[in-house]
K.L.:
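Before I ask anything, here is the structure I am working with.
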Amino acid sequence: AQSVTQLDSQVPVFEEAPVELRCNYSSSVSVYLFWYVQYPNQGLQLLLKYLSGSTLVKGINGFEAEFNKSQTSFHLRKPSVHISDTAEYFCAVSATGGYNKLIFGAGTRLAVHP
Amino acid sequence: GAVVSQHPSWVICKSGTSVKIECRSLDFQATTMFWYRQFPKQSLMLMATSNEGSKATYEQGVEKDKFLINHASLTLSTLTVTSAHPEDSSFYICSASTAGASTDTQYFGPGTRLTVL
């Protein structure tokens, strides 16, 4: 079984500052890793995903994440945030075999202040 | 591309009634659809997985007789909450993918907010 821990429930940050949202996972098998963003009263939008290959993954809206197998982490970063980045961010994992059942973390609320 | 819609976007019903929520893949064929439930300020919890033409697979603790899932075509899945009660009030989100392989991305619908009075 897999599990995901998002270490921060809320992250306040000023506009144009860098941000890192932390995600750690636990799994006895190989996993794929995902970051999704959810705006208020909306569904989820995929930001980026790690399947294999380069451990640094670039996604939409200027976000990137780095897969660290030894630390079982997949932290999300953005060098300069905008007010419009205010949203809920979810880290998720799925096992590499079988169908793509996603296990989500509890989410991190990113609040960008002017 | 890869748009998933849900209808209705919100619904209010009386306790004891049944509510049907539709999930459609608008521009692709979805061999697998997923239904999630999200409580306020919490994460998404997978309720069930459905493959077109076969019975849904429910997660542990989800009542299959209460949450009826039908995946009759490659573009439509429905979730029916039967005899709804206030504790069923939640945000229900569906997602769809094109195949069963883990590498395939799930495309999420905008969600349906259910309020049971």
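This structure is a prediction, so every number in the text was calculated from the model and none was measured. Each chain gets a letter, A, B and so on, in the order its sequence line appears, and its residues count up from 1.
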K.L.:
Side chain, backbone, both or neither: which part of B:L44 has an atom under 4.5 Å from a heavy atom of chain A?
P.N.:
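Interface part for B:L44: both.
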K.L.:
Kindly check if the number of other-residue, nucleotide or ligand heavy atoms within 6.0 Å of NZ (B:K20) is above 12?
P.N.:
no
K.L.:
Cluster question for you: counting only ILVMFWY and a side-chain heavy-atom cut-off of under 4.5 Å, with indirect links fine, are A:Y32 and A:W35 together?
P.N.:
no
K.L.:
What do the steps show when you test B:Q42 against A:F104 for side-chain contact (heavy atoms from CB on, under 4.5 Å), and what is the final call?
P.N.:
CA-CA 10 Å; B:Q42 293 187 32; A:F104 285 88; over 6 Å; no
K.L.:
Before you tell me yes or no, could you show the steps for B:Y107 and A:Q45 under side-chain contact (heavy atoms from CB on, under 4.5 Å), namely the whole-Å CA-CA distance, both residues' side-chain angles and the distance that decides it to 0.1 Å?
P.N.:
CA-CA 8 Å; B:Y107 299 97; A:Q45 181 181 4; over 6 Å; no
K.L.:
Indicate if A:F34 and A:F67 have the same hydrophobic cluster label, given that clusters are the connected sets of ILVMFWY residues with side-chain heavy-atom separations under 4.5 angstrom.
P.N.:
no
K.L.:
Are B:Q106 and A:L102 side-chain neighbours, meaning at least one heavy-atom pair lies under 4.5 Å?
P.N.:
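Side-chain contact under 4.5 Å: yes.
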K.L.:
Taking B:I93 as the starting point, is it possible to reach B:W35 by hopping between hydrophobic residues whose side chains are less than 4.5 Å apart?
P.N.:
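In one cluster: no.
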K.L.:
Using the rule that Ile, Leu, Val, Met, Phe, Trp and Tyr join whenever any side-chain heavy atoms are under 4.5 Å apart, tell me whether B:L79 and B:W10 fall into a single cluster.
P.N.:
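No: no chain of side-chain contacts under 4.5 Å links B:L79 to B:W10.
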K.L.:
Is there a path of hydrophobic side-chain contacts, each under 4.5 Å between heavy atoms of I, L, V, M, F, W or Y residues, that connects A:F90 with A:V19?
P.N.:
no
K.L.:
Is it the backbone or the side chain of B:Q38 that comes under 4.5 Å from a heavy atom of chain A, or both, or neither?
P.N.:
side chain
K.L.:
Looking at A:G107, is its backbone amide N or carbonyl O close enough to the side chain of B:S43 to form a donor-acceptor pair, meaning the two atoms are under 3.5 Å apart?
P.N.:
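Flag not set: sc B:S43 to bb A:G107 has no pair under 3.5 Å.
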K.L.:
Which pair of non-hydrogen atoms, one from B:F91 and one from A:Q38, has the smallest distance, and what is that distance?
P.N.:
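Closest approach of B:F91 to A:Q38: CE2-NE2, 3.8 Å.
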K.L.:
Can you say whether A:Y36 sits under 4.5 Å from chain B via the side chain, the backbone, both, or neither, judging by heavy atoms?
P.N.:
side chain
K.L.:
Mark yes when over 12 heavy atoms from residues, nucleotides or ligands other than B:H7 sit less than 6.0 Å from its NE2; otherwise mark no.
P.N.:
no
K.L.:
Could you look at A:L44 and say if it's the side chain, the backbone, both or neither that has a heavy atom under 4.5 Å from chain B?
P.N.:
both
